[in-house]
Amino acid sequence: MLHHALEITLTRPLSTRALRRAARELPLAANHDATRLMTLVPAETPHQAARRLRHRFGARLPIDVITAHYPDADHTVLLNIAFPPAAHAALTAEAHRVNQSLQRYVEGALHRALAEYADRETDRLDRAVRELLAHTTPAYLLSAVGQVLTRLPERPTP
């Protein structure tokens, strides 16, 4: 049986005691503030692994989102969200209204939101660079950016 690397994002940090109790059932690795956990779950598919994980810990851990740690062959990442009943009902009704499955509707909404964010971020950076270029030359700006980037401490990207 395959093992799938899953990341769990929690709605609040776990206490040391709660983390130890959960780790006795399934090996878990926590980040510095115990709001994100990593684990390996045996299952045939990532979807099965996420369902098993949510079934096993859903009532005992404050799980917000479960994601596959590695993209699949299509370069997509599994996103497992348990919506509150009212949100689930509203999303289901809207998906039905536009003649889509709930999964397809949520996927589309996420893709649109991410595309809008990328567009806004690109526009924001474009404005910031143009403002900087109003006061210096491209060569100086590029040199300054290079110096700043080489001095940044190693840290994960958001």
Side-chain angles (χ1 to χ4, degrees), residues 1-128 145 148-158:
M1 180 166 297
L2 299 172
H3 284 74
H4 299 276
L6 298 179
E7 182 172 350
I8 306 163
T9 304
L10 303 171
T11 58
R12 61 178 166 72
L14 281 185
S15 67
T16 304
R17 185 176 175 185
L19 180 58
R20 279 195 202 121
R21 194 170 38 246
R24 281 194 295 262
E25 196 168 323
L26 188 67
L28 297 169
N31 70 333
H32 71 283
D33 65 355
T35 56
R36 293 170 59 190
L37 309 172
M38 289 292 301
T39 190
L40 291 174
V41 179
E44 293 298 322
T45 67
H47 291 279
Q48 252 184 1
R51 278 193 304 272
R52 284 184 182 167
L53 184 62
R54 191 171 290 279
H55 179 72
R56 181 179 276 178
F57 289 120
R60 291 181 287 153
L61 296 180
I63 296 175
D64 190 19
V65 177
I66 298 171
T67 59
H69 190 63
Y70 299 105
D72 64 14
D74 297 325
H75 306 290
T76 59
V77 175
L78 169 73
L79 183 64
N80 179 288
I81 304 169
F83 293 110
H88 188 274
L91 288 168
T92 301
E94 187 59 23
H96 182 67
R97 188 185 70 73
V98 295
N99 201 27
Q100 291 182 341
S101 69
L102 178 59
Q103 180 177 344
R104 180 80 56 201
Y105 179 76
V106 171
E107 282 177 5
L110 283 171
H111 283 283
R112 286 189 301 279
L114 290 171
E116 288 172 15
Y117 171 79
D119 288 346
R120 283 193 313 271
E121 187 65 2
T122 299
D123 290 346
R124 183 187 69 80
L125 291 172
D126 184 61
R127 287 190 305 275
V145 167
V148 168
L149 291 176
T150 58
R151 293 183 188 147
L152 288 177
E154 285 293 319
R155 61 188 167 107
T157 57

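When a residue number appears, it is its place in the shown sequence, counting from 1.
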Quick one: side chains of residues 38-45, donor-acceptor pairs under 3.5 Å with protein atoms, not counting sequence neighbours, listed by atom name and distance.
from	atom 1	to	atom 2	distance (Å)
Thr39	OG1	Pro27	O	2.6
Thr45	OG1	Gln48	N	3.0

Quick one: list whatever passes side chain to side chain donor-acceptor pair (under 3.5 Å) with [X], sequence neighbours left out.
X      : answer
Arg120 : none
Thr35  : Asn31, Asp33
Arg52  : none
Glu94  : Arg97

Taking C-beta and beyond as the side chain, do [X] and [Y] meet within less than 4.5 Å on heavy atoms?
X     : Y     : answer
Pro46 : Val77 : no
Val65 : Asn80 : no
Ile8  : Asp64 : no

Between atom [atom1] of [X] and atom [atom2] of [Y], what is the distance when rounded to the nearest 0.5 Å?
X     : Y     : atom1 : atom2 : value
Ile81 : Thr67 : CD1   : OG1   : 10.0 Å
Leu79 : Ile66 : CG    : CD1   : 10.0 Å
Leu53 : Leu26 : CG    : CG    : 6.5 Å

Which residues share a side chain to side chain contact (heavy atoms under 4.5 Å, CB included) with [X], sequence neighbours left out:
X      : answer
Arg127 : Asp123, Arg124
Leu149 : Val145, Leu152
His96  : none
Leu91  : Phe83, Leu102, Tyr105, Val106

(Q) Tell me every residue that passes salt bridge (Lys or Arg N to Asp or Glu O under 4.0 Å) with Arg60, counting only those two or more places apart in sequence or in another chain. (A)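 Salt bridge (Lys or Arg N to Asp or Glu O under 4.0 Å) list for Arg60, sorted by chain: Glu25.
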
Q) What pairs meet the salt bridge (charged side-chain N to carboxylate O under 4.0 Å, His left out) rule with one or both residues in residues 73-91, with sequence neighbours excluded? A)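 Found none.
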
Q) Applying salt bridge (charged side-chain N to carboxylate O under 4.0 Å, His left out), which residue pairs with at least one partner in residues 3-23 are found, sequence neighbours left out? A)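 Non-adjacent pairs meeting salt bridge (charged side-chain N to carboxylate O under 4.0 Å, His left out): Glu7-Arg36.
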
Which atoms form the tightest heavy-atom contact between [X] and [Y], and what is the distance?
X     : Y      : answer
Ala95 : Ser101 : CB-O, 3.9 Å
Phe57 : Ala22  : CZ-O, 3.6 Å
Ala34 : Leu10  : O-CD1, 3.4 Å
Leu2  : His4   : CB-NE2, 3.8 Å
Leu78 : Ala50  : CD2-CB, 3.6 Å

**Q.** Exceeds 12 heavy-atom contacts within 6.0 angstrom, atom CG of Asn99
**A.**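 It does not: Asn99 CG has 12 such atoms or fewer within range.
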
Q.
How about NE2 on His88, more than 12 heavy atoms from neighbouring residues, nucleotides or ligands closer than 6.0 Å, or not?
A.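 No, because the 6.0 Å sphere around NE2 of His88 holds 12 heavy atoms or fewer from other groups.
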
